[in-house]
Amino acid sequence: MRIGVYPGTFDPITLGHMDIIRRGAKLVDRLIIGVTTNIAKSPLFEDDERIAMVKAEVAGIDGDVEVVGFNSLLMDFADAQGASIIIRGIRGVTDFEYEYQLTGMNRQLNARVETVFLMADVSLQPIASRLVKEIAIFGGDIHKFVTPSVRDAVVARIAERGLLQGER
């Protein structure tokens, strides 16, 4: 059985993530979406909230797709899941440079796991969770970047934390 892991913070999960998940699920027998916390980022949603959000969003995807939270090295998580493939989404050159370095380090940690890069759909390439949050914090409309349920969750969280900026 070919098991793949698609890791990320998914804070929040975007239409770009969903594109990679749908396409990645076709490449493996089982796709595990690993939801983690990036210590370099300040998440809008807690780990359990992001896991629940991702589970809700992927519920209708064809294939064997599972959502699992983790807080370890990616290669250790992949090993624990029995994965032989890491799936990563690439939006452009900047992503590639970062992913290239990360892949090289991961190969040093576990050469048995291959990394596969999927280019985001052209219409979804500009989408980044960080930018979605920034747009929402300034009162912008994020409906083109996330599903309605994710949009509602982001808007509610920003209001709850008093993060809304700009003219009101």
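Positions are given from 1, in the same order as the sequence printed here. On a predicted model such as this, the values are computed, not experimentally measured, just so you know.
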Greater than 12 external heavy atoms within 6.0 Å of E160's CD: yes
Heavy atoms of other groups near D141 CG, more than 12 under 6.0 Å: yes
Looking at side-chain heavy atoms only, is the closest gap between [X] and [Y] below 4.5 Å?
X    : Y    : result
V35  : D47  : no
L15  : T147 : yes
V154 : I158 : yes
M18  : I61  : yes
N110 : D76  : no
L131 : F145 : no
T36  : F77  : no
P12  : V132 : yes

Any chance you could measure [X], atom [atom1], to [Y], atom [atom2], to the nearest 0.5 Å?
X    : Y    : atom1 : atom2 : result
D29  : S84  : CG    : OG    : 9.0 Å
I85  : L31  : CD1   : CG    : 10.0 Å
I51  : F45  : CD1   : CZ    : 13.5 Å
L109 : L73  : CG    : CG    : 6.0 Å
E66  : R30  : CD    : CZ    : 4.5 Å
R88  : T103 : CZ    : OG1   : 8.0 Å

Within one Ile-Leu-Val-Met-Phe-Trp-Tyr cluster: [X] and [Y], side-chain cutoff 4.5 Å:
X    : Y    : answer
I21  : V116 : yes
L74  : I20  : no
L118 : Y98  : no

CA sep, side-chain torsions, deciding dist, call: E57, H17, side chain to side chain contact (heavy atoms under 4.5 Å, CB included): CA-CA 10 Å; E57 293 301 312; H17 293 130; over 6 Å; no
V67/V58 under side chain to side chain contact (heavy atoms under 4.5 Å, CB included): CA gap, chis, key distance, verdict: CA-CA 9 Å; V67 180; V58 303; 3.8 Å; yes
Counterpart residues, side-chain hydrogen bond (donor to acceptor under 3.5 Å, both in side chains), relative to R130 (two or more places apart): none
Any residue meeting side-chain hydrogen bond (donor to acceptor under 3.5 Å, both in side chains) with Q125, in chain and number order, not counting sequence neighbours: none
Worked check of side chain to side chain contact (heavy atoms under 4.5 Å, CB included) between I13 and I33: CA-CA 11 Å; I13 187 168; I33 302 166; over 6 Å; no
Plane angle bin for F10 and Y6 - parallel if under 30°, tilted between 30 and 60°, otherwise perpendicular: perpendicular
Determine yes or no for a side-chain-to-main-chain donor-acceptor pair under 3.5 angstrom, with [X] supplying the side chain and [Y] the backbone.
X    : Y    : answer
R112 : D79  : no
R91  : A120 : no
Q165 : L163 : yes
R50  : T9   : yes
R151 : H143 : no

Heavy atoms only: give me the nearest [X]-[Y] pair and the separation to one decimal.
X    : Y   : value
V113 : A83 : CG2-O, 3.7 Å
I127 : G16 : CD1-N, 4.4 Å
I87  : P7  : O-CD, 3.5 Å

Charged N-O contact under 4.0 Å between R107 and E114: yes
Salt-bridge present (D121, R23; N to O < 4.0 Å): no
Worked verdict on I86 versus M75 for side chain to side chain contact (heavy atoms under 4.5 Å, CB included): CA-CA 9 Å; I86 302 295; M75 292 294 108; 3.7 Å; yes
Identified side chain to side chain contact (heavy atoms under 4.5 Å, CB included) counterpart of D11 within the set E46, M53, K133: K133
